[in-house]
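Everything on this sheet refers to the single structure shown next.
A quick note: this is a predicted structure, and the numbers were derived from the prediction, not measured. Per chain, numbering begins at 1; letters A, B, ... match sequence-line order. All heavy atoms count here, side chains included; hydrogens, waters and symmetry mates do not.
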There are 2 protein chains.
Amino acid sequence: MNAQISDKTVGRLSLYRRLLSNLLREKEEEFVFSHRLARAAGVTAAQVRRDMMVIGYNGSPKKGYAIGDLIESIGYFLDAPGVQTVALVGVGNLGRAILTYFAGRRPNLKIVAVFDNDPNKAGTVISGCRCYAMQDMPEVFKEKKVNTAIVTVPASQAQSVADTLVAAGVRGLLNFAPVNLRVPVSVYVEDMDITTSLEKAAFFARCRMAS
Amino acid sequence: MNAQISDKTVGRLSLYRRLLSNLLREKEEEFVFSHRLARAAGVTAAQVRRDMMVIGYNGSPKKGYAIGDLIESIGYFLDAPGVQTVALVGVGNLGRAILTYFAGRRPNLKIVAVFDNDPNKAGTVISGCRCYAMQDMPEVFKEKKVNTAIVTVPASQAQSVADTLVAAGVRGLLNFAPVNLRVPVSVYVEDMDITTSLEKAAFFARCRMAS
DNA sequence: GTAACGCTGTGATTTATATCACAATGCACT
DNA sequence: AGTGCATTGTGATATAAATCACAGCGTTAC
Ligand SMILES: NC(=O)c1ccc[n+]([C@@H]2O[C@H](COP(=O)([O-])OP(=O)(O)OC[C@H]3O[C@@H](n4cnc5c(N)ncnc54)[C@H](O)[C@@H]3O)[C@@H](O)[C@H]2O)c1
Ligand SMILES: NC(=O)c1ccc[n+]([C@@H]2O[C@H](COP(=O)([O-])OP(=O)(O)OC[C@H]3O[C@@H](n4cnc5c(N)ncnc54)[C@H](O)[C@@H]3O)[C@@H](O)[C@H]2O)c1
């Protein structure tokens, strides 16, 4: 399904949707022009229009894009029918922050289970979410139809946790551990490398100090 | 300085350095081949060699790259002479997790000050780091020579905080708030959009379910 | 009704990024 | 010393992504 759509485009569509939702909530506007959305997203107007092409949404000249319809079209494209469930593994400092943040947000993308190998955590409820022991994973995933997981365990544990997740049926990973996870091609991995990103920011900050 | 080096290359160099450090620590090896480093980093061997070209580091055929020297060369390229200082603004759930993580790590890239507008936090010490009130920023930045900052405040506050940071002399931002920050071209912004990344992982997970 | 305008949709083009492919290199072995 | 061979360094090439530029259209103004 949609074998050809690019990673970058999906990311921008997700961003557009969030911006459009804000626009709808705050400004009570009904239509938006490509250049307006582009400015909010930090891209060019042509880029926005190209992305609209991908999802097959048509605006109208002179009026622009109907915000409500567009949000719906993006949702139709990005979202699962119904609710898509997500698990989180590793309820440490970072895991807890993410869990708290997503609790009660995004109605159609929900963290429904968390896992940790710390026996003090298994069985407890954290930010409204039940924490399970690792060995419960296959059962829980089957019951809750989980196919996406967030990995926030220490780097040394990340590969083995990823293997366990893949074996339990996960096809999408959001990985915060600073390691390149080895997974089958049938699994998608999105890496969030905070350390590298900070080094990039620091490097370019120094570059700009000259100017 | 190095006006032409690409964002992506800098990110990979940072990654290589971390991988090489691990290699040196764990395996006690002295040399590494491009294809070996490539596999660890999840890129192709040609990519690694091209990146080496950028920093002007030369390996030797048949032996590969001298790990120690290479780490040093990358450092010479990426790092500031001495220690580069970083500030963090918004000591909430995410900010605290990041602060704790970086405390006592990376000796040449150090979070030296945190800021929050919550009067209960200003004046306290969190993970070994003094928390200042927002109005102390210009003074602290000048004293500690801060030019890079991490933004972990709520989305609604992010633009105004960014403006304050830029006014205080920051040239590099690592932004976790889900907004496109408007800054002068002389400032570099690296966005970490966790929500969008999670939606990407979920989307491609669904795509892969078919296969 | 119709003319003028400003926006959309999209083929063509440019720019950025990654890969290929192979000559040059230097070590290991004889 | 010479030969073989796996690896480097890099020009050429391929692929991916973004931008340009403009025809065509719907809306508005009159
Ligand atoms: N916190 C940050 O700002 C930050 C920054 C960069 C990278 N990271 C990475 O994110 C990850 C998590 O960081 P953190 O600061 O939350 O660490 P943490 O130590 O606070 O949390 C790790 C959690 O994982 C659990 N865990 C350990 N091994 C496990 C296993 N095999 N199975 C299941 N659970 C296991 C631990 O019990 C703990 O709760 C690490 O890989 C770290 O390198 C974090
Ligand atoms: N936690 C996550 O997993 C997550 C995920 C996606 C995005 N984010 C984004 O990261 C940011 C922080 O998230 P969080 O969960 O840590 O939120 P949080 O509410 O826990 O923390 C925000 C902190 O910022 C401080 N603050 C508020 N306004 C400020 C101002 N004007 N100046 C200085 N400090 C100020 C608050 O006192 C608080 O300590 C938010 O923008 C959020 O959207 C977080």
Side-chain angles (χ1 to χ4, degrees), chain A residues 2-16 20 23 29-67 69-70 73-74 77 180 185 188 190-191 196 200 204 207, chain B residues 2-16 20 23 29-67 69-70 73-74 77 180 185 188 190-191 196 200 204 207:
Chain A
N2 303 314
Q4 75 299 349
I5 186 167
S6 107
D7 189 82
K8 304 262 184 95
T9 301
V10 173
R12 282 191 302 266
L13 286 170
S14 162
L15 174 59
Y16 297 155
L20 291 165
L23 222 57
E29 290 176 34
E30 209 176 332
F31 289 88
V32 68
F33 294 126
S34 63
H35 60 82
R36 192 128 152 42
L37 181 53
R39 226 163 58 95
V43 301
T44 64
Q47 183 72 80
V48 168
R49 297 202 297 272
R50 262 259 153 10
D51 291 333
M52 297 302 118
M53 271 180 76
V54 172
I55 62 170
Y57 182 80
N58 280 353
S60 79
K62 204 68 183 182
K63 282 170 75 185
Y65 302 96
I67 297 180
D69 288 2
L70 182 47
S73 288
I74 294 175
F77 194 81
N180 183 254
V185 289
Y188 176 87
E190 172 82 12
D191 286 301
T196 285
K200 272 165 68 171
F204 286 109
C207 286
Chain B
N2 303 314
Q4 74 298 351
I5 186 167
S6 107
D7 189 80
K8 305 259 183 100
T9 301
V10 173
R12 282 191 302 264
L13 286 170
S14 161
L15 175 59
Y16 297 155
L20 291 166
L23 221 56
E29 292 177 33
E30 209 176 332
F31 288 88
V32 69
F33 293 127
S34 63
H35 60 83
R36 191 128 151 42
L37 182 54
R39 226 165 56 94
V43 301
T44 64
Q47 183 72 79
V48 169
R49 296 202 298 274
R50 261 260 156 1
D51 290 334
M52 295 304 118
M53 270 181 78
V54 171
I55 62 170
Y57 182 79
N58 278 354
S60 80
K62 205 68 183 180
K63 282 170 74 185
Y65 301 95
I67 298 182
D69 288 1
L70 183 47
S73 287
I74 295 175
F77 194 81
N180 182 256
V185 288
Y188 177 86
E190 173 81 12
D191 286 300
T196 284
K200 272 165 67 172
F204 286 109
C207 286

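- The CG-P distance, from A:D51 to C:dT10, rounds to 14 Å in whole Å.
- Counting only heavy atoms from C-beta on, B:M53 has its side chain closest to D:dT10 among D:dT10, C:dT8, C:dC27.
- Distance B:Y65 OH to C:dG26 P: 14 Å, rounded to the nearest Å.
- In this entry the distance linking CE of B:M52 with C1' of C:dT19 reads 16 Å, nearest Å.
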Quick one, B:I5 with B:F77, criterion side-chain contact (heavy atoms from CB on, under 4.5 Å). Give me CA distance, side-chain angles, the key distance, then yes/no. CA-CA 11 Å; B:I5 186 167; B:F77 194 81; 3.2 Å; yes
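- Side-chain atoms of A:P61 lie closest to D:dG24 of the nucleotides D:dT8, D:dA6, D:dG24.
- Distance from the side chain of A:F33 is smallest to C:dC7 among C:dC7, C:dT17, D:dT27.
- For the pair B:R39 CZ and D:dT7 C1', the computed distance is 17 Å after rounding to whole Å.
- One interatomic measurement links the two molecules: CG of A:L37 to C1' of C:dC7, which rounds to 14 Å at whole-angstrom precision.
- By the 4.5 Å heavy-atom criterion applied to side chains, A:I55 and A:L70 are counted as neighbours.
- Of the listed nucleotides (C:dA21, D:dA18, C:dG26), C:dA21 has the atom at the smallest distance from the side chain of B:R49.
- For the pair A:S60 and C:dT8, the criterion of a side-chain N or O lying under 4.0 Å from OP1 or OP2 is not met.
- Between B:R50 and A:A46, it is B:R50 whose nearest contact on DNA chain D lies nearer the 5' terminus.
- Put simply, NZ on B:K63 is 13 Å from C1' on C:dT25, counting in whole angstrom units.
- As judged by a 4.0 angstrom heavy-atom cut-off over every strand, A:T9 is placed among residues making no nucleic acid contact.
- A sub-4.0 Å separation between OP1 or OP2 of C:dG9 and a side-chain N or O of A:N58 is present.
- Between A:F204 and B:Y188, the angle of the ring planes stays under 30°, which puts this pair in the parallel group of the 30/60° scheme.
- For the pair A:T196 and A:D191, the minimum side-chain heavy-atom distance is 4.5 Å or more.
- Contact between the side-chain N/O atoms of B:T44 and the OP1/OP2 oxygens of C:dA18 is not found at any separation under 4.0 Å.
- Within the nucleic acid shown, A:R12 comes within 4.0 Å of sugar-phosphate atoms alone, with no base atom in reach, counting heavy atoms only.
- None of B:Q47, B:R39, B:R50, B:R49 except one satisfies the side chain to side chain contact (heavy atoms under 4.5 Å, CB included) rule with B:S34; the exception is B:R49.
- Between the NZ atom of A:K62 and the P atom of C:dG9 there is a distance of 15 Å, given to the nearest Å.
- Between the NZ atom of B:K8 and the C1' atom of C:dT19 there is a distance of 14 Å, rounded to whole Å.
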